Amino acid sequence: MSKKLLLKDAHIEGIRYFETYRKQGGYTAAEKALKMTTDEVLEEVKASGLRGRGGAGFPTGMKWSFLAKPEGVPRHLVVNADESEPGTFKDRYLMEFLPHLLIEGMLISSYCLGSNVSYIYIRGEYSWIPDILEEAIEEAKAAGFLGKNILGTGFDCEIYVQRGGGAYICGEETALLESLEGKRGNPRLKPPFPAVKGLWERPTVVNNVESIAAIVPIIDITGAEYAKIGVGRSTGTKLISACGNINKPGVYEIDMTITVEEFIYSDEYCGGIANGKRLKACIPGGSSVPIVPANLLLKTVNGEPRYMNYESLADGGFATGTMMGSGGFIVLDEDQCIVEHTMTLARFYNHESCGQCTPCREGTGWMYKILKKIEKGEGKMEDIDLLWDIQRKIEGNTICPLGDAAAWPVAAAIRHFRDEFEWHIKNPELCLTQNYGLANY
Ligand code: SF4
């Protein structure tokens, strides 16, 4: 059984409220951190090996150490709660059921970074959660954990919640900052990075909800102890939101030492494929990461078991590996049509492109149109190569990672399921009524 750090108290009735959270030991990590120097807190975060839980997996301690500290210029912490990646809903769970874990993590992080005004930018569709967060902020303030001179330390901290307008692109950190400033959420060219010029051109750290919540157990048990959980550079625990054709969709906390097979088939997690079907493929880290067919999902190219961690999921390189990403684990059974699935994703990325760069604006549209044609049984063989060519021209040629996120699912689908694309083209009369199916493998 995986060790629980973030969700250990999630089952306790009333844990959403300050009184219950406090009774379970809540805010003791904040009390401990506020007695430490800011450098000591930073060293704990570095020692923990925590990697950003939003998708990129960049070391959090290193990100914090890049924060510029010009004299007299305010700094900010911004929590990225714009969780819009299809298949990812773990931050929603944290905010809805454990809002004080996030607020306590923000207090410790704000203290370490020197942010007196911090923000939570939350996706507009999570319409009921801002009220939960604002209530938790008021409770923390009433108890002296936010506001002026917190616990007599002289440190002041206010937290504000800002609702997004429902654009996926605002989950990209610079687009988020633009939106938070009241402008259209267009990504910025980097450099300068937010650590130097972020919100209102001030030094800013943007971190995912889960990353900031993880600061609480890190301070609680120490960074060194946190780093002992997990394996290699995949330290600590990770939240996985599992969905698709499984028996037990939900949010699970894993310690990154379990295999993918155990995660899918064990009763503790997904409970196996629904309706007794067979596993066809999986997207392990949210819709942007490459899809992996069952044979490579359960084993690496070298025949080793594949584990639920950053290194093992990426093993095999770009040709076969995928990524931990945001932890949105989407399972597809034998009845799912890869062409239709890829088309649905292409439509999503085309709709969400902000339109600033030509390869993304035009390329996502072309990919969607070609996939739609193939899916309707109107494709030609050369369309597959055309699709491949378009995704190659998008990848790496755009301002922000949405371009790559649109290209990778198409590339992986063609790489692993080319025969299914060909079947659609060769059998136009069948592909409207039948699925290619696992039997064809
Ligand atoms: Fe906008 Fe797409 Fe360019 Fe990102 S890659 S800036 S979403 S057009």
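Quantities reported herein were computed from a predicted structural model and do not represent experimental measurements. Whatever order the structure lists them in is the order used to number ligands and atoms, beginning at 1.
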Those protein residues which place at least one heavy atom below 4.0 Å from ligand 1: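 The 4.0 Å shell around ligand 1 contains Ile169, Pro187, Ser353, Cys354, Gly355, Gln356, Cys357, Cys360, Thr398, Ile399, Cys400, Leu402, Gly403.
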
What salt bridge (charged side-chain N to carboxylate O under 4.0 Å, His left out) pairs are there with at least one residue in residues 92-105, not counting sequence neighbours?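 Not a single pair qualifies under salt bridge (charged side-chain N to carboxylate O under 4.0 Å, His left out).
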
Once you measure the plane-to-plane angle for Phe66 and Phe58, does it fall in the parallel (<30°), tilted (30-60°) or perpendicular (>60°) bin?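 Phe66 and Phe58: tilted rings.
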
Side chains of Thr257 and Asp255 only: does a donor on one sit below 3.5 Å from an acceptor on the other?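 Result is yes, a qualifying pair exists.
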
Quiz question: by atom type and distance under 3.5 Å, do the side chains of Glu83 and Thr88 form a donor-acceptor pair?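 No, no side-chain donor-acceptor pair sits under 3.5 Å.
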
Which residues share a ring pair (Phe, Tyr, Trp, His ring centres under 6.0 Å) with Phe193, sequence neighbours left out: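 Residues passing ring pair (Phe, Tyr, Trp, His ring centres under 6.0 Å) with Phe193: none at all.
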
Between side-chain atoms of residues 206-218 and protein atoms elsewhere (two or more places apart, or another chain), which donor-acceptor pairs fall under 3.5 Å?
{"from": "Asn207", "atom 1": "OD1", "to": "Trp64", "atom 2": "NE1", "distance (Å)": "2.8"}
{"from": "Asn208", "atom 1": "OD1", "to": "Lys90", "atom 2": "NZ", "distance (Å)": "3.1"}
{"from": "Asn208", "atom 1": "OD1", "to": "Glu210", "atom 2": "N", "distance (Å)": "2.8"}
{"from": "Asn208", "atom 1": "ND2", "to": "Asp91", "atom 2": "OD2", "distance (Å)": "2.7"}
{"from": "Glu210", "atom 1": "OE1", "to": "Lys90", "atom 2": "NZ", "distance (Å)": "2.9"}
{"from": "Glu210", "atom 1": "OE1", "to": "Lys238", "atom 2": "NZ", "distance (Å)": "2.9"}
{"from": "Glu210", "atom 1": "OE2", "to": "Leu239", "atom 2": "N", "distance (Å)": "2.9"}
{"from": "Ser211", "atom 1": "OG", "to": "Arg53", "atom 2": "N", "distance (Å)": "2.9"}

